[in-house]
Amino acid sequence: MNASERDELYQELILEHNKKPRNYRKIDNPSHAVEGYNPICGDHIYLYLKMDENKIIEDIAFEGSGCAISKSSASLLTMTLKGKTEQEARQLFAEFHDLLTGKMDLQKSGHHLGKLAVFSGIWQYPSRIKCASLAWHALESALKDGKKQVSTE
Ligand code: ZN
């Protein structure tokens with residue numbers, strides 16, 4: 001895939017997930033619930049998780065409002081992490097973080113990003129990195145200390 005093909009795919013997927021976000025709902029009795037806020041753009045999300053006793057993410061969903069990038073990133077996050085273990089979720093966050101900061105070479109590295117790779121061009125737009133990573137920071141804070149609120153600032 002060349003760069004312009006990838007850009008096209010990137011835009012299509014982001015617009016599609018913005019219009020029809022997956023797992024856009026509340027979870028009753030979640031094991032983790034975190035609010036994430038990105039003041040620079042105004043993105044505001046609530047992330048819900050239900051983790052079972054084996055640390056497997058049984059269910060994951062989100063609600064909120066924000067730009068297309070923050071919403072599609074949260075949508076793809078929930079799709080990607082459903083059924084994964086906490087360990088796998090942490091690994092994916094590390095890979096996604098490298099992708100957003102331009103440290104990941106998709107051609108070379110053995111990664112597990114799948115569709116998340118559509119955000120590969122975003123490091124060129126530093127102000128949007130926080131939009132794309134908001135849901136992931138919310139996830140990280142939920143896994144780390146069950147914190148109820150996280151800001152990208
Ligand atoms: Zn945003």
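Counting starts at 1 for both ligands and their atoms, in listed order. Numbering of residues begins at 1 and proceeds along the displayed sequence.
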| query | Donor-acceptor pair, Ser73 side chain versus Ala132 backbone, under 3.5 Å? | reply | yes
| query | With distance as the sole criterion, is a donor-acceptor pair present between the side chains of Gln91 and Gln87 under 3.5 Å? | reply | no
| request: Determine the interplanar angle of the Phe93 and Trp136 rings, folded into 0 to 90°, and report it as parallel if under 30°, tilted if 30 to 60°, perpendicular if over 60°. | output: parallel
| query | Side chains of Trp123 and Lys103: closer than 4.5 Å at any heavy-atom pair? | reply | no
| salt bridge (Lys or Arg N to Asp or Glu O under 4.0 Å) contacts touching residues 72-93 (sequence neighbours left out) | Lys55-Glu86, Asp59-Lys82, Glu86-Arg90
| request: Answer yes if Leu77 and Leu92 sit in the same cluster of Ile, Leu, Val, Met, Phe, Trp and Tyr residues linked by side chain heavy atoms under 4.5 Å apart, and no otherwise. | output: yes
| request: Have a look around the Zn ion (ligand 1) and list protein N/O/S atoms under 2.8 Å, or say none. | output: Cys41 SG, Asp43 OD1, Asp43 OD2, Cys67 SG, Cys131 SG
